[in-house]
Amino acid sequence: MTESHSRVAIVTGAGRGIGATVAKRLAADGFAVALLDLNEDGVRQGAEAIVAGGGKAIGVGLDVSDAEQVDTAVTRVADELGPPTVLINNAGITRDNLLFKMTEQDWDSVLGVHLKGSFLMTRAAQKYMTEQGWGRIVNLSSVSALGNRGQVNYSAAKAGMQGFTKTLAIELGKFGVTANAIAPGFIATDMTAATAERVGMDFETFKKAAAEQIPVRRVGEPEDIAHLASFLVSEGAGFISGQVIYAAGGPRD
Ligand code: NAP
């Protein structure tokens with residue numbers, strides 16, 4: 001067991017993709033992990049796999065944009081695993097379209113999951129962190145925060161995550177709580193597979209084309225993000241707060 005064996009981490013959107021891999025990594029680091037997702041079966045199975053491997057985990061179904069479901073889920077995590085002092089706000093969706101074709105529903109859904117969801121989750125979890133005098137919040141932003149055609153809703157949400165993160169760092173620092181954002185570039189998950197489908201390319205060709213534009217000449221994998229999340233929630237990362245770290249295989253402005 002590592003230094004973090006007594007700490008409890010919540011990962012949202014842990015049913016698949018980056019969230020599932022981050023949850024697995026934090027469990028391997030010694031955290032008790034609550035996997036939260038819309039897809040309750042998915043997170044139950046993920047939690048069972050962690051438990052079968054000797055870790056401690058539960059899977060909880062919820063919609064992060066629903067305040068009541070969030071409060072119920074976070075209370076359940078505290079009751080079953082102990083006070084959650086690590087929160088990874090990872091749940092996300094895309095509803096891409098050019099501005100002139102984008103519906104109000106596309107806008108509200110994306111802002112609702114990323115921004116409102118992160119706000120609700122963080123508001124519910126901060127109470128445990130401030131009581132414990134220790135906490136780590138990691139928010140998933142994106143290179144799309146810098147602007148991306150067809151993603152006016154998602155870009156706005158991911159830029160919003162950066163301001164949200166910096167303000168959390170300012171407000172919660174005196175309680176021993178850090179907040180940082182990870183801004184991934186292209187990571188191979190169902191989300192990017194769906195983008196490939198939308199533009200009519202097979203995923204392998206899409207990844208190959210993306211890799212050619214990336215300085216390290218490969219696309220990212222969920223493990224790349226899990227590695228950074230693992231560092232940011234570690235004991236030793238307590239003097240790093242309010243930062244946006246681009247994990248994109250190259251520099252970003
Ligand atoms: P993904 O494979 O699509 O997984 C997203 C997860 O979030 C799914 O398990 C989904 O549940 C869950 N989710 C969606 N809405 C939810 C809600 N309202 N409440 C609870 N859970 C919800 O996406 P990913 O690629 O792993 O992305 C994870 C995060 O990284 C997102 O915030 C994304 O914006 C960000 N990111 C990804 C990339 C990339 O290239 N992949 C790049 C930059 C940033 P269901 O399975 O039930 O739909």
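Just so you know, ligand 1 is whichever comes first in the structure, and atom 1 is the first atom listed for that ligand.
- Heavy atoms of Asp63 found under 4.0 angstrom from ligand 1 belong to the backbone as well as the side chain.
- On a distance-only criterion, Ser142 and ligand 1 share no N/O pair closer than 3.5 Å.
- Under a 4.0 Å criterion applied to the non-hydrogen atoms of Gly13, ligand 1 contributes the atoms 6 (C), 7 (O), 9 (O), 12 (C).
- Here the heavy atom of the protein found nearest to atom 2 (O) of ligand 1 is Arg16 NH1, 3.4 Å.
- Heavy-atom contacts from other residues, nucleotides or ligands closer than 6.0 Å to CZ of Arg149 number 12 or fewer.
- A distance-only check finds a donor-acceptor pair linking the side chain of Lys158 to the backbone of Leu140 [under 3.5 Å].
- For atom 43 (C) of ligand 1, the candidate residues are Ala248, Ser65, Pro184; the nearest heavy-atom contact is made by Pro184.
- Only the side chain of Val113 comes within 4.0 Å of ligand 1, counting heavy atoms alone; its backbone N, CA, C and O stay farther away.
- Distances between N or O atoms of Ile18 and those of ligand 1 include at least one value under 3.5 Å.
- Connection of Ile225 to Val143 is not established within any shared hydrophobic cluster, with ILVMFWY side chains joined at heavy-atom distances below 4.5 Å, either directly or through further cluster members.
- Hydrophobic clustering, with ILVMFWY side chains joined whenever heavy atoms are under 4.5 angstrom apart, keeps Ile88 apart from Leu38.
- In this structure, Gly185 has a heavy atom closer than 4.0 Å to ligand 1.
- Thr122 is listed as a side-chain neighbour of Asn89, based on a closest heavy-atom distance under 4.5 Å.
- Remark: among candidates Asp37, Asp190, Ile182, the nearest residue to atom 47 (O) of ligand 1 is Asp37, based on non-hydrogen atoms.
- The heavy atom nearest to atom 44 (C) of ligand 1, out of those in Gly92, Ser141, Ala145, is found in Ser141.
- Scanning the protein heavy atoms around atom 36 (N) of ligand 1, the nearest turns out to be Tyr154 OH, 3.5 Å.
- Linking Ile, Leu, Val, Met, Phe, Trp and Tyr residues whenever their side-chain heavy atoms come within less than 4.5 Å leaves Phe206 and Ile18 in two separate clusters.
- Taking the six-membered ring where the residue is Trp, Phe203 and Phe186 present parallel rings, their angle staying beneath 30° rather than reaching 60°.
- Residue contacts with ligand 1, taken as heavy atom pairs separated by less than 4.0 Å, involve Thr192 solely via side-chain atoms from C-beta onward.
- The ring pair (Phe, Tyr, Trp, His ring centres under 6.0 Å) contacts involving residues 229-253 comprise nothing, where partners must be two or more places apart or lie in separate chains.
- Arg218 and Asp224 are joined by a salt bridge, as a carboxylate oxygen and a charged side-chain nitrogen come within less than 4.0 angstrom of each other.
- Checked by distance only, ligand 1 and Ile93 stay at 3.5 Å or farther apart across all their nitrogen or oxygen atoms.
- Contacts of Asn90 with ligand 1, taken as heavy-atom pairs under 4.0 Å, involve both backbone and side chain.
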